[in-house]
Structure formats: structure tokens, C-alpha cells
**Student:** 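First, the structure itself, so that you have it in front of you.
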Amino acid sequence: MLAQVLGFVALLALSNTFMTFAWYGHLRYAHASPWYIALLASWGLAFFEYAIMVPANRYGYGFLGVTQMKILQEVVTLTVFVPFALVFMDERLRLNHLWAGLCLVGAVYFAFKK
């Protein structure tokens, strides 16, 4: 089952990479182009997000519950988003981000606890 979960997480990570750039990547260049150009570019990226996310969810639902899948998805989203925010958007990491991450670790624990 671990190999299946890792495969599911890998698909989620790829999908969330597209999602993060679709949702937030245009903000780096917000003043360089009109909003409708950002909208079209975001929709183009979101296509690839969904093209990966839908099969990933159908695959994961074979061995995980929907709540477990959602909790994992949130953790993967932040795992992808944090490096994006630090490197691409030049955000600073603060201590409260660490505490929020630990809360997510707790969420995963409780979602998988039998």
C-alpha cells in the first residue's frame, strides 16, 4: 500500500505544481499584463492540473478514503506551495508557518489513524 500512496502523492505533487502556477504565478507579473491575459494563461495551466488530478483521485480512491485523499492533497499543496512562495515569489518563511505545518502533520495522523 505504501507504493500506491507514494504514486498517488507523486501525481498530486505534479498536479499541484500546475495548480500553484495557475493560481499564483501570474501575481509575480501582475503589472506587466492585463488581467484577462493572466486569466487565459491560468486556464491553460489549470487544464494540466485537472488532467492529472482527476486520474490521480480515481486511482487513489481505490485504496484511500475520500477524507484521507483530501488531507493528503492539502499537505501536498502546501509542500509544493512553500518552495514556490520562497523561491518564485520571494516570500519569507516565518515561525508560524512551521506551527501550521505541524498542525497538518497532526491532521494526516488523525486521518489515517484506525
Side-chain angles (χ1 to χ4, degrees):
M1 177 164 157
L2 179 61
Q4 291 173 310
V5 171
L6 291 176
F8 175 66
V9 167
L11 289 171
L12 288 181
L14 184 58
S15 173
N16 274 278
T17 300
F18 283 105
M19 178 195 76
T20 299
F21 277 94
W23 287 17
Y24 303 105
H26 61 90
L27 296 176
R28 182 170 179 175
Y29 309 106
H31 302 293
S33 63
W35 67 268
Y36 53 87
I37 298 297
L39 176 69
L40 293 172
S42 293
W43 279 355
L45 288 170
F47 169 79
F48 294 103
E49 172 204 351
Y50 279 89
I52 299 165
M53 180 62 77
V54 170
N57 282 336
R58 292 175 73 96
Y59 169 70
Y61 192 62
F63 53 88
L64 295 171
V66 70
T67 302
Q68 292 171 322
M69 288 173 32
K70 182 60 181 172
I71 295 293
L72 279 175
Q73 191 273 331
E74 293 301 332
V75 170
V76 169
T77 295
L78 288 176
T79 302
V80 169
F81 182 79
V82 168
F84 167 84
L86 295 174
V87 175
F88 190 76
M89 298 298 290
D90 287 329
E91 293 280 325
R92 295 194 187 273
L93 191 61
R94 298 188 318 233
L95 189 57
N96 60 324
H97 299 142
L98 171 66
W99 302 131
L102 289 174
C103 288
L104 285 171
V105 170
V108 170
Y109 170 77
F110 286 113
F112 283 85
K113 185 174 172 25
K114 293 192 185 231

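Quick caveat: nothing in here was measured; it's all calculated off a predicted structure. Throughout, numbering of the chain's residues begins at 1 and tracks the sequence.
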**Student:** Would V82 and E91 count as a side chain to side chain contact (heavy atoms under 4.5 Å, CB included) here? Give the steps.
**Tutor:** CA-CA 9 Å; V82 168; E91 293 280 325; over 6 Å; no
**Student:** What's the shortest heavy-atom distance between L11 and A56, and which atoms?
**Tutor:** CB-CB, 3.6 Å
**Student:** Could you check whether any side-chain N or O of T79 sits under 3.5 Å from a backbone N or O of V75, counting only pairs where one atom can act as donor and the other as acceptor?
**Tutor:** yes
**Student:** State plainly whether one hydrophobic cluster holds both Y61 and V54, where clusters connect Ile, Leu, Val, Met, Phe, Trp and Tyr through side-chain heavy atoms under 4.5 angstrom apart.
**Tutor:** no
**Student:** Which heavy atom of A111 sits nearest to which heavy atom of I71, and what is that distance?
**Tutor:** CB-CG1, 3.8 Å
**Student:** Please determine whether residues V66 and M53 belong to a single hydrophobic cluster, defined as Ile, Leu, Val, Met, Phe, Trp and Tyr linked transitively by side-chain heavy-atom distances below 4.5 Å.
**Tutor:** yes
**Student:** To the nearest 0.5 Å, what is the distance between CE on M19 and CZ on F81?
**Tutor:** 9.0 Å
**Student:** How many angstroms lie between CZ in F47 and CD1 in I52, if you round to the nearest 0.5 Å?
**Tutor:** 9.5 Å
**Student:** Does atom CZ of F63 have more than 12 heavy-atom neighbours from other groups under 6.0 Å away?
**Tutor:** yes
**Student:** Under 6.0 Å from the CZ atom of F112, do we count more than 12 heavy atoms belonging to anything else shown?
**Tutor:** yes
**Student:** If Ile, Leu, Val, Met, Phe, Trp and Tyr residues are connected whenever their side-chain heavy atoms lie under 4.5 Å apart, and connections chain through other members, are F110 and V105 in the same group?
**Tutor:** no
**Student:** Quick one: CD on Q73 to CG on L78, what's the gap to the nearest 0.5 Å?
**Tutor:** 9.0 Å
**Student:** Would a single hydrophobic cluster contain both Y24 and L86, if residues Ile, Leu, Val, Met, Phe, Trp and Tyr are joined by side-chain heavy-atom contacts under 4.5 Å?
**Tutor:** no
**Student:** Would a single hydrophobic cluster contain both Y50 and L12, if residues Ile, Leu, Val, Met, Phe, Trp and Tyr are joined by side-chain heavy-atom contacts under 4.5 Å?
**Tutor:** no
**Student:** In the hydrophobic clustering that connects Ile, Leu, Val, Met, Phe, Trp and Tyr at side-chain heavy-atom distances below 4.5 Å, which members other than I37 occupy its cluster, ordered by chain and number?
**Tutor:** W35, Y36, L39, L40, W43
**Student:** In Å and rounded to the nearest 0.5 Å, what is the CD to CG distance from E49 to N16?
**Tutor:** 7.0 Å
**Student:** Evaluate M1 against L64 for side chain to side chain contact (heavy atoms under 4.5 Å, CB included), listing each step before the verdict.
**Tutor:** CA-CA 10 Å; M1 177 164 157; L64 295 171; 3.9 Å; yes
**Student:** For the residue pair F84 and F21, is the inter-centroid distance of their aromatic rings smaller than 6.0 Å?
**Tutor:** yes
**Student:** Which atom names give the shortest non-hydrogen contact between A22 and A46, and what distance separates them?
**Tutor:** CB-N, 4.0 Å
**Student:** May I ask you to check whether over 12 heavy atoms, not counting those of F88, lie within 6.0 Å of atom CZ?
**Tutor:** yes
**Student:** Tell me, do F8 and M69 make a side-chain contact under 4.5 Å, heavy atoms counted?
**Tutor:** yes
